[in-house]
Amino acid sequence: MRLGGNARYLAYANSEEDVENLVAWAKSKKLPFMAIGSGSNIVWRDEGFDGLIIVNNLKGRVVLSEDDKNATVKISAGEVWDEAVAKTVENGWSGIEFLSLIPGTAGAAPVQNIGAYGAELSNTLQEVEVFDTHSRAFGVVKNEDCGFAYRTSHFKTDEKGRFIITAIVLKLKKNSPEPPFYDVLAKYFEEHGITEYTPKTVREAVIAIRSSKLPNPAVVANNGSFFTNPIIEQAQFDELKQKFPEIRAWPRDDGKVKVAAGWLVEQAGFKGVHDQETGMATWEKQALVLVNEHAKTTANLLAFRQKIIDKVNEMFGIKLEQEPELLP
Ligand code: NAP
């Protein structure tokens, strides 16, 4: 978002040894510290951070094992996520092609269990390699111990700040993805006469769809989707459906209903809005994306965010929750 205050110290960790040493240094100075990837999903508060930011810059991609059916790969945390996706797709391996073009680093991916078009990281992730800042030891957290759920994990909730992720290990498949696909993908395949579903054709479709709808963060300051899709009770959904028959929502396995946050924001009148008071806007083609046009402070952003939350709550009785992390 290109907003927020300064950090007192910032250092790049280029090796596991750096991670260990930087944590030891911060602890010896009694300074708070936090590790980040590329910062694409962070909103920094105006106050800044009176401590040490460790930029996770661990690089490397290796194939740990391979047979007829699977390939197991280790991707270091500082690798650019989409470059890692591109490489697995190039090899014809399936599992993360639906997650193409998601900004950020590989190490950030498990934190919110990134997902797109029905796939999520937890489907392919085997384990996460970590530095435990409590015990100051390197270790491994298995998939089943990561607390994965819809766009969340222990790394984002109860264990927040404890582990510095150093690498992720993924088990990819050598067979191709199979339908049914999300409507938007199915439509793309149909419109482009694509009948062969491979990691490559899926990646190309996802890139085309995302690029046509979403602003490039390198050009336009944004954090991608700004609110998570709210999950509501069936009874509340039934009431809303009566009032808003065209509501965009999907049933979940647990009996609850997932409502498209973008639809709510759009209905609340916030699609393509340019708010002069705060300098913030919503993206013309996707109301869920907040854009910094000429905001000077994070307070401006938060004021605009509040306008949206309040209006959606007033109209639908749903309290939207911010998806990017607000730090510190
Ligand atoms: P979209 O295509 O405008 O669709 C809006 C929402 O509807 C999506 O969030 C998606 O939920 C849901 N949806 C659409 N078709 C569905 C189906 N057949 N079954 C169930 N749910 C369906 O979404 P968008 O905002 O452009 O995002 C495209 C994809 O990128 C989405 O899957 C979105 O989740 C993903 N994305 C992920 C992150 C992240 O990991 N933090 C951030 C931004 C976008 P789901 O979100 O459950 O897929």
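Only a predicted model underlies this, so the values are computations on that prediction, with no experimental measurement involved. Note that ligands are numbered from 1 as they come in the structure, with each ligand's atoms numbered from 1 the same way.
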inquiry  = Taking side-chain hydrogen bond (donor to acceptor under 3.5 Å, both in side chains) as the definition, give me every residue that meets it alongside Q234, ordered by chain and number, with sequence neighbours left out.
reply    = D238
key: R305 bridged to D310 by N-O distance under 4.0 Å   = no
query = Who are the side-chain hydrogen bond (donor to acceptor under 3.5 Å, both in side chains) partners of T157, not counting sequence neighbours?
reply = none
ask   = Which of parallel (below 30°), tilted (30 to 60°) and perpendicular (above 60°) describes F181 and F98?
value = tilted
request  = Before accepting this row, confirm whether a basic side-chain N of the pair K307/E277 lies closer than 4.0 Å to the acidic partner's carboxylate O.
outcome  = yes
ask   = Name the residues with a heavy atom less than 4.0 Å from ligand 1?
value = Q112, I114, G115, A116, Y117, Y150, R151, Y182, D183, R210, K213, S225, N229, R248, W250, K258, Q286, E323
query = Apart from I54 itself, what residues make up its hydrophobic cluster when side-chain heavy atoms of I, L, V, M, F, W and Y under 4.5 Å apart count as a link, directly or indirectly?
reply = Y9, V19, L22, V23, W25, L31, F33, L52, L58, F131, F138, I164
